[in-house]
Number of protein chains: 2
Amino acid sequence: MATIKDVAKAAGVSTATVSRVIHNDSSVKPATYKSVLDVINKLNYTPNVLARQLRTQKTKTVIVIVPNIRNTFFSDIIFGIENCARKHNYQILIADMHGQPDIEDYYYQAIQERMIDGIISLSANVAKSLIEQISDQYPVVVACQYLENYNIPNVTIDNNKAATAMTEYLMKLNHNDIVFISGPVEMTLYRDRMNGFLSATASAGIPLDLEYVRYGDASVQSGYVQMKEFLDSRKPFSAVFAAGDMMAIGALRALQEAGLEIPKDCSVAGFDDIELSQFVDPPLTTVHQPCYQIGETAFKKLLKLMNKQQIEAFHNVLDFSIVTRDSSAKKGE
Amino acid sequence: MATIKDVAKAAGVSTATVSRVIHNDSSVKPATYKSVLDVINKLNYTPNVLARQLRTQKTKTVIVIVPNIRNTFFSDIIFGIENCARKHNYQILIADMHGQPDIEDYYYQAIQERMIDGIISLSANVAKSLIEQISDQYPVVVACQYLENYNIPNVTIDNNKAATAMTEYLMKLNHNDIVFISGPVEMTLYRDRMNGFLSATASAGIPLDLEYVRYGDASVQSGYVQMKEFLDSRKPFSAVFAAGDMMAIGALRALQEAGLEIPKDCSVAGFDDIELSQFVDPPLTTVHQPCYQIGETAFKKLLKLMNKQQIEAFHNVLDFSIVTRDSSAKKGE
DNA sequence: TTGTACGCGTTATCAG
DNA sequence: CTGATAACGCGTACAA
């Protein structure tokens with residue numbers, strides 16, 4: 001591998017000049033500029049990033065903490081982050097938590113050792129203690145949810161409002177006995193969705209029965225189990241609203257296994273609009289989140305933070321939309 | 001951030017001694033060892049990885065090239081790689097190709113600049129030209145498939161044999177008109193599966209009708225479209241074998257949209273056994289691959305390569321299994 | 001058992 | 001417009 005010294009020697013200039021050429025320093029005389037560039041190409045020289053990083057104390061690397069890459073919802077956001085990062089010559093390091101909190105420590109170490117320029121967390125809670133420890137050392141942006149009691153910039157949709165909207169939609173279809181299946185309520189995101197559901201039903205005068213409000217982790221498996229458990233209670237219901245599509249798909253499966261026809265016997269709604277939602281049978285009514293845009297916005301925000309620029313808004317709230325598909329229908333139709 | 005110098009000064013020793021303590025050099029006198037360690041803890045000192053890397057010319061970082069993280073099949077393998085890597089103090093960098101070949105160049109650059117210790121590719125083909133260029137510079141392991149004409153160590157199941165087994169299973173259920181839906185045939189993995197299918201049907205004396213053999217990309221969408229196209233041909237069929245679960249799910253959707261009941265009117269089989277397969281309706285019969293083990297094996301292999309150790313086998317072939325679920329049944333039942 | 005001193009490949013400052 | 005040269009933080013011969 002050719003180094004800057006090799007280039008300097010071959011071009012008959014100093015390393016300083018080569019460095020200037022690399023950085024497009026306009027003070028270099030066009031003639032020398034060209035000759036240096038020729039040598040660079042001839043030797044196929046690429047600057048050693050490690051050395052550069054050591055010198056500049058910048059890594060151009062951002063770590064993205066994600067609860068679980070196996071949920072395509074997160075991969076979609078990562079896609080947005082990554083594309084945007086690449087445009088700005090940043091690299092992203094994906095820290096998958098797998099829902100195993102002990103992995104936090106490992107990444108905390110990694111962050112300490114590896115000089116990371118910034119952090120985007122898609123999971124204020126899985127990595128909560130980690131985030132807390134580092135939010136004063138590093139630029140941090142939280143996406144999809146927010147962390148209570150910490151002033152960390154974030155990018156989300158209005159989960160409360162979205163859940164309210166979906167609940168209202170279901171109620172408009174004459175569903176009054178709606179089962180709400182939630183993810184971990186320690187996460188503000190799920191709490192907001194639950195609150196949205198609760199306030200919507202309350203406003204409609206539907207009395208609260210906690211048997212109808214369930215929660216577990218956010219997996220397909222969890223949705224399946226939660227639904228089964230509710231079915232065991234033998235309470236009447238005509239609709240299920242799961243706070244995540246993965247859970248909704250699990251619930252769908254449990255309902256179908258129990259012999260229910262969707263949407264004839266029961267309407268089902270999800271949240272997130274992951275790719276798969278349109279391919280399950282029946283296609284899932286859900287809340288669409290602008291994943292790519294969330295990722296993009298989060299990175300841009302982080303970029304400003306890293307460059308010590310002023311951020312225009314502390315909290316970006318992006319638009320959601322209700323996507324109606326065949327899994328929901330008017331009650332009794 | 002404290003540096004090695006700070007520690008040395010505070011402990012009243014040289015930086016060399018501190019370095020020795022960090023590396024557990026047994027030549028350090030226990031007393032000094034302890035006092036240095038105390039200072040390290042007191043100052044909360046962590047070695048600067050950048051400097052260390054620059055010095056040792058090793059990054060302890062492995063890049064994992066993945067066609068598309070949105071397919072949980074890949075995330076499962078990544079999980080295996082990552083867990084194993086972490087145990088050996090390696091970091092992984094995920095290079096998601098998104099099926100966009102132009103992204104290759106970007107990562108090629110990244111590999112050049114960033115001194116990566118090794119590469120695991122889950123996609124010999126999406127990143128084909130990249131792999132070719134670097135397989136002589138860096139330790140490379142290919143998982144899930146192999147690259148023709150290149151002697152690159154790999155870890156796979158026997159795709160051909162697995163597809164044969166699944167086809168035989170379907171034929172045993174009296175299905176003779178089987179639609180085969182494949183991913184990109186440039187990929188050896190899909191070609192092997194297709195060959196397995198073709199040889200199984202040929203052995204059974206089923207005449208070849210190319211109308212029954214289709215291919216596209218490996219997405220849900222693609223499976224959906226391919227199935228639709230076949231349905232338009234109005235040829236008789238009683239089973240569909242898709243060379244990937246995502247495609248199988250797309251096909252399932254298309255069949256159900258066309259009013260077919262699964263498995264009564266048509267059996268459907270997939271390949272990979274992604275988490276979701278058991279949660280679609282009906283649950284999918286499929287070929288199970290030991291994803292975690294594939295990832296683990298691939299990393300261990302790469303580790304040996306990076307350490308210039310002898311690898312015991314050039315090609316690891318792991319076991320698959322046929323998982324039968326409700327999407328398949330005896331013809332006419 | 002410990003310290004000295006050089007080099008890894010850059011960038012940035014300062015002088016010319 | 002260009003060149004010396006000093007860092008960046010660490011590891012490691014070599015010397016003591």
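Naming convention: chains lettered A, B, ... in sequence-line order (proteins, then strands); numbering from 1 in each chain.
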What I want to find out is whether B:Lys42 reaches B:Asp38 closely enough, with some N-O distance under 4.0 Å, to be called a salt bridge. no

For atom CG of A:Asn48 and atom C1' of C:dT11, their distance in whole Å: 13 Å

What class does the angle between the rings of A:Tyr90 and A:Phe299 fall in, given that below 30° is parallel, 30 to 60° is tilted and above 60° is perpendicular? perpendicular

Output yes when at least one side-chain N/O atom of A:Ser19 is less than 4.0 Å from OP1 or OP2 of C:dT11, else no. yes

Can you check the B:Asp6 CG to D:dG9 C1' distance for me, whole Å? 10 Å

Between A:Arg55 and B:Ala2, just flag the one whose closest nucleotide in DNA chain D comes earlier from the 5' side. A:Arg55

Quickly work out the A:Asp25 CG to C:dC14 P distance and round it to whole Å. 16 Å

It should be established whether B:Tyr45 places a side-chain nitrogen or oxygen under 4.0 Å from OP1 or OP2 of nucleotide D:dC10. yes

Testing B:Val64, B:Ile116, B:Val62 for side chain to side chain contact (heavy atoms under 4.5 Å, CB included) with B:Leu93, which one passes? B:Ile116

For B:Gln53 and D:dG9, give me the distance from atom CD to atom P, rounded to whole Å. 15 Å

To the nearest Å, how far apart are B:Ile4 CD1 and D:dG11 C1'? 8 Å

Can you tell me how far apart CG (A:Asn154) and NZ (A:Lys301) are? Round to the nearest 0.5 Å. 7.5 Å

Check whether any side-chain nitrogen or oxygen of B:Thr32 sits under 4.0 Å from OP1 or OP2 of C:dT2, and answer yes or no. yes

What is the separation between atom NZ on B:Lys58 and atom P on D:dC10, rounded to the nearest whole Å? 19 Å

Value in whole Å for how far the C1' atom of D:dA7 lies from CZ of A:Arg52: 17 Å

Answer yes or no: does a side-chain N or O of B:Ser14 lie under 4.0 Å from OP1 or OP2 of C:dT4? no

Whole angstroms only, please: what is the NZ-C1' distance between A:Lys9 and D:dG3? 16 Å

